[in-house]
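Each remark here refers to the structure printed beneath this line.
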Amino acid sequence: MLDPQLLRNDIKQVSRALSKRDMKLDVDVIQKLEEKRKIFQIETEELQALRNSKSKLIGQLMSKDEDAQATIDEVTKIKISLDEIVSELNVVQSNLNDIYFRIPNIPHESVPRGKTEEDNEEVKIWSTPKSYDFVPKDHVDLGEALGLIDFDAATKISSTRFVVMHRGIAKLHRAIIQFMLDTHINEHDYDEINVPYLVNVDSCIGTGQLPKFEEDLFQIKEHSLYLIPTAEVPVTNIVRDEIINNDQLPKKFVCHSPCFRSEAGSYGKDTRGMIRQHQFEKVEMVQLVKPETSYAVLEELVSHAEDILQKLELPYRVVTLCGGELGFSAAKTYDIEVWLPSQNKYREISSCSNFEDFQARRMKARWRNPETNKPELLHTLNGSGLAVGRTLIAIMENYQNKDGSITIPNILRPYMGHKSVISS
RNA sequence: GGAGAGGUGGCAGAGUGGUCGAAUGCACUGGUCUUGAAAACCAGCGGUCCUUUAUCGGUCCCGUGGGUUCGAAUCCCACCCUCUCCGCCA
């Protein structure tokens, strides 16, 4: 959520800033509601104050055995008009909240203008794709030929957009997770954390998945719980409704979890293979930091994700998302894209975002600033480090051999029983 | 799933209809004292929102949401959560 003060005092500026997202704010509606809100709220609080003082008076009169009936009648009247005005205030307030919770974050000034992927700004390219003396296959052909990936079985036992992996590939998948966790814990100083995969409504509102994007989530209706679309949701919500001490910051968490996404609205997109699944696994980095450090931390987060790709020796590039591509809660996002030989292009494998205080305000996640001794909003950030399924794909495709076997990247060999090749 | 107990400030823990946003203790912050520290003593010490340049002032918050009442932490209803015992179980 944006700062309501800002929305009140300078909605024109907010509206201008949001135009970068190609999004239009209904300034008039908000301003009219705010005007009403102010009138109703002031009147409500005045009436409440009056009621409170008169009621106290009644108590005093009665304890002195004096007649209080006139005052009681007075308060009864106050109560009637109070009830009316409160219900009007509630309507206005909930209208405003409905609007406010659906307004996306303001893009950082460094975010490029634009609508589509084409408008993202390339900031870095690392390494160059290998050339092959044969036509490289995609991970589906490779996996099925090896007999180690089975989409048909997954469809039978579940539905489309799921996968079954066997032996060498299943093990490689697991090795990737261990390697990523170990690297972030031992070299990047994150705390390992394990969290619930089902979360409540408040958590989803806190990080911004609700109320606007309910159709993207899998829901367990009987229990009012949602399957997490990313570990960001449970991990970030750890600090919801908390006031963190200065000396506890920054909080750095790394979390491996499955992620569940309905992929509503992406029918027909990436239907082949493991690129876009209803269930996939991810190692997620989450940081909760003091505001003044958050942009430096964003760069750090990207470098941590990059480190994984560099250790795996996978070619990649980094792009800054343009305003139109930016996620709802993010102020700035870098995507890291890995090279996929079969598609002859870079595909997203990590997304690192600074949410500034947008999520923190929704979550009431604060820290105590020793300078003011007051609670102030935290900044929240997260980044994939990395998407496991897509890393698996990237390894299979980039490390494939002419005979269809897969060479295991050096760094993963200790996790693979020191084997060097996966074959059928 | 069955039976019981309970949810109050950072923690512990009083408070069962009126001046209670809430005693007291601990923790914390500042001060006195001390060569320094500890102890002792003194003082301060929740959050929210509105109004305001700011102060001042006011609202709301005792698990959550309703209700009763002139007035609710306190009474009523529903829900959520925690703990103990029993059952079941990875």
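Proteins come first, then strands; the chains are lettered A, B, ... in the order of their sequence lines, and each starts at number 1.
When each of Thr71(A) and Arg366(A) is assigned the nucleotide of RNA chain B bearing its nearest heavy atom, the one mapping closer to the 5' terminus is Arg366(A). Nearest-nucleotide assignment on RNA chain B puts the 5′-proximal partner with Ile243(A), out of Ile243(A) and Leu50(A).
For C70(B), neither phosphate oxygen OP1 nor OP2 lies less than 4.0 angstrom from any side-chain nitrogen or oxygen of Lys77(A). One finds a side-chain N or O of Arg37(A) lying less than 4.0 angstrom from the OP1 or OP2 phosphate oxygen of U51(B).
The partner of A54(B) cannot be assigned: no Watson-Crick or G-U wobble pair with both contacts below 3.5 Å exists in any strand. The nucleotide C60(B) finds its pairing partner in G47(B), both defining distances of the Watson-Crick or G-U wobble pair being shorter than 3.5 Å. The nucleotide G7(B) finds its pairing partner in C80(B), both defining distances of the Watson-Crick or G-U wobble pair being shorter than 3.5 Å. Nucleotide U32(B): paired with A40(B) (Watson-Crick or G-U wobble, both distances less than 3.5 Å). When both distances must be under 3.5 Å, the Watson-Crick or G-U wobble mate of C85(B) is G2(B).
Nucleic acid contact class of Gln60(A) (heavy atoms, under 4.0 Å, all strands): base. In this structure, Ile42(A) reaches the sugar-phosphate backbone alone: every heavy-atom distance under 4.0 Å involves primed, P, OP1 or OP2 atoms, never a base. The residue Gln5(A) sits close only to the backbone: its heavy atoms come under 4.0 Å of sugar-phosphate atoms, none of a base.
Taking atom P in both G13(B) and G6(B), the straight-line distance is 14 Å, to the nearest Å. Nucleotides G47(B) and G58(B) place their C1' atoms 16 Å apart, quoted to the nearest Å. If you take atom P in G31(B) and the same atom in A39(B), they sit 16 Å apart, rounded to whole Å. For the C1' atom pair drawn from U8(B) and U74(B), the interatomic distance equals 11 Å after rounding to whole Å. The C1' atoms of G21(B) and A73(B) are separated by 10 Å, rounded to the nearest whole Å. Separation of the C1' atoms belonging to C83(B) and G65(B) is 24 Å when rounded to the nearest angstrom. Annotation: C81(B) and C28(B) have their P atoms spaced 35 Å apart (nearest Å). Rounded to whole Å, the separation between the C1' atoms of G57(B) and U69(B) comes to 28 Å.
Side-chain N or O atoms of Arg21(A) include one that pairs as donor or acceptor with a backbone N or O of Gly327(A) at under 3.5 Å. Judged by distance alone, the side chain of Arg51(A) and the main-chain N or O of Ile78(A) form no donor-acceptor pair under 3.5 Å.
Heavy-atom neighbours of Glu109(A) CD from other residues, nucleotides or ligands within 6.0 Å: at or below the threshold of 12. Atom NZ of Lys311(A) is surrounded by more than 12 heavy atoms from other residues, nucleotides or ligands within 6.0 Å. Within 6.0 Å of NZ on Lys115(A) lie no more than 12 heavy atoms contributed by other residues, nucleotides or ligands.
A straight line from CD1 of Ile72(A) to P of G71(B) spans 10 Å, rounded to a whole angstrom. At whole-Å resolution of the value, CG in Leu82(A) and P in C70(B) are 14 Å apart. Atom CD of Glu43(A) and atom P of G58(B) are 19 Å apart (whole Å). Between the NZ atom of Lys54(A) and the C1' atom of G71(B) there is a distance of 14 Å, given to the nearest Å. Atom CE of Met363(A) is separated from atom C1' of U48(B) by 18 Å (rounded to the nearest Å). Between Phe40(A) atom CZ and C60(B) atom P there is a gap of 19 Å when expressed in whole angstrom units. Summarising the geometry, the separation between CG on Asp241(A) and C1' on C61(B) is reported as 13 Å, rounded to the nearest angstrom. Between the CG atom of Leu89(A) and the P atom of C60(B) there is a distance of 13 Å, given to the nearest Å.
In this structure, the nucleotide among C60(B), U51(B), C70(B) sitting nearest to the side chain of Lys38(A) is U51(B). Nearest nucleotide to the side chain of Gln48(A), out of C60(B), U51(B), G71(B): C60(B). Distances were taken from every side-chain heavy atom of Ser55(A) (C-beta onward) to each of G58(B), U51(B), C70(B); the shortest belongs to C70(B). Taking every side-chain heavy atom of Ala49(A) into account, U59(B) is the closest of G47(B), U59(B), C70(B). Ranking G18(B), C60(B), U52(B) by closeness to the Asn52(A) side chain, first place goes to C60(B). Taking only side-chain atoms of Gln41(A), from C-beta outward, the nucleotide of C60(B), C50(B), C70(B) with the closest atom is C50(B). For Arg51(A), taking side-chain heavy atoms from C-beta onward, the closest of the listed nucleotides G47(B), C60(B), G18(B) is C60(B). In the set C60(B), G21(B), G47(B), G47(B) carries the atom at the smallest distance from any side-chain atom of Arg368(A).
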For a ring-ring contact (aromatic ring centres under 6.0 Å, His included) check, start with the C-alpha distance between Phe328(A) and Phe358(A), then their side-chain angles and the critical distance, and finish with the verdict. CA-CA 10 Å; Phe328(A) 177 76; Phe358(A) 186 86; 5.6 Å; yes
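For the atom pair CD (Gln209(A)) and CD1 (Ile228(A)), the distance works out to 10.0 Å, reported to the nearest 0.5 Å.
Classification of Glu300(A) and Lys252(A) as a salt-bridged pair holds, one side-chain N sitting under 4.0 Å from a carboxylate O.
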